[in-house]
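Below, each value reflects all heavy atoms present in this structure, side chains not excepted, and no hydrogens, waters or symmetry copies. Numbers restart at 1 for each chain; the letters A, B, ... are given by sequence-line order, proteins then strands.
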2 protein chains.
Amino acid sequence: MDNYINKDYTIDNEQLARFAKAMGHPARITILQFLASMDSCYFGDIHNELPIAKATVSQHLKELKNAGLIQGEIETPKVKYCINRENWKKAQAFFDVFFKNCKEKTSCCH
Amino acid sequence: MDNYINKDYTIDNEQLARFAKAMGHPARITILQFLASMDSCYFGDIHNELPIAKATVSQHLKELKNAGLIQGEIETPKVKYCINRENWKKAQAFFDVFFKNCKEKTSCCH
DNA sequence: AAATTTGTTCGTATTTTTGCGAACTACGAA
DNA sequence: TTCGTAGTTCGCAAAAATACGAACAAATTT
């Protein structure tokens, strides 16, 4: 019973869902992709990439930060964002395992 | 401009976000994992795995179907669900490329 | 000191998601 | 025909997500 937070879902499934949920919006995918490919990653640069208001960008960034996929540091008067590589790798591993575990041999619906 | 649906986000980013969103709930992750590992995959079997009402399970299944990750066929009086392998592989490829594209060399926030 | 730059936070509105029970459909069994 | 089984759909309620402008904070420039 150690894999369960509250007897509903396993911790791993909760974690994977959390990562997936954070990626579940095109703006956030775009942000992650941008950060993953660039050196300079100030808030303003990110905002320029997106067709949404800065308040909304800030909110999306906060969600990505809460999910652990990015991190930010103040470089007054700017804020520098970047990928959280440690958790990025964790997420990558989670998705990798998840997709690999689909058996080719199952007979359902074929 | 062919990569854009409506000049907001690229089609690929929209698609990846759609897959991610579908995976963004522990119940749906659990369903996908179950289907990916089992031969028998009737609605009832799925329902038994989850701590939620059948109406809710049905709704989650519909979302997964809309995202293209699963498919169902009627086997009266039951309904047999399974992974949509074609789209599963597409999703796998999308996530794979996405996570790989994080350059190790970027200097931001280090 | 006043103004500018760079983001965040607040308040609010709208939409979407999540969840459930009850009603319904479709079929086979009694 | 009536009943039971297996799921879906409907109607609703509560919560969360999305989005924005306005107000705010912190530092620098004028």
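Note on ring orientation: taking the six-membered ring where Trp is involved, the planes of B:His60 and B:His25 are tilted (angle from 30° to 60°). Ring planes of B:Phe43 and B:His47: tilted class, angle from 30 to 60°.
With a 4.5 Å cut-off on side-chain heavy atoms, A:Gln71 and A:Asn87 do not count as touching. For the pair A:Glu49 and A:Ile46, the minimum side-chain heavy-atom distance is 4.5 Å or more.
B:Tyr42 has no side-chain polar atom (N or O) that falls below the 4.0 Å cut-off from OP1 or OP2 of D:dT5.
Read 5' to 3', the first and last nucleotides of DNA chain C with an atom closer than 4.0 Å to a heavy atom of chain A are C:dT6 to C:dT9.
A distance of 13.5 Å separates NZ of A:Lys80 from CD1 of A:Ile74, quoted to the nearest 0.5 Å.
B:Phe43 places its CZ atom 11 Å from the P atom of D:dA6, with the value rounded to the nearest Å.
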Summary of protein contacts for nucleotides 10-26 of chain D, nucleotide by nucleotide, where a base hit scores B, a sugar-phosphate-only hit scores S (4.0 Å, heavy atoms) | -------SBBBB-----
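Checking B:Asn101, B:Asp12, B:Thr10, B:Asn13 one by one against A:Gln33, the side chain to side chain donor-acceptor pair (under 3.5 Å) holds for a single residue, B:Asn13.
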I would like to know whether A:Tyr9 and B:Leu50 meet side chain to side chain contact (heavy atoms under 4.5 Å, CB included); could you show each step before the answer?
-> CA-CA 8 Å; A:Tyr9 304 106; B:Leu50 300 170; 3.9 Å; yes
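Checked against the 6.0 Å centroid threshold, A:Phe95 and A:Phe19 do not count as a close aromatic pair.
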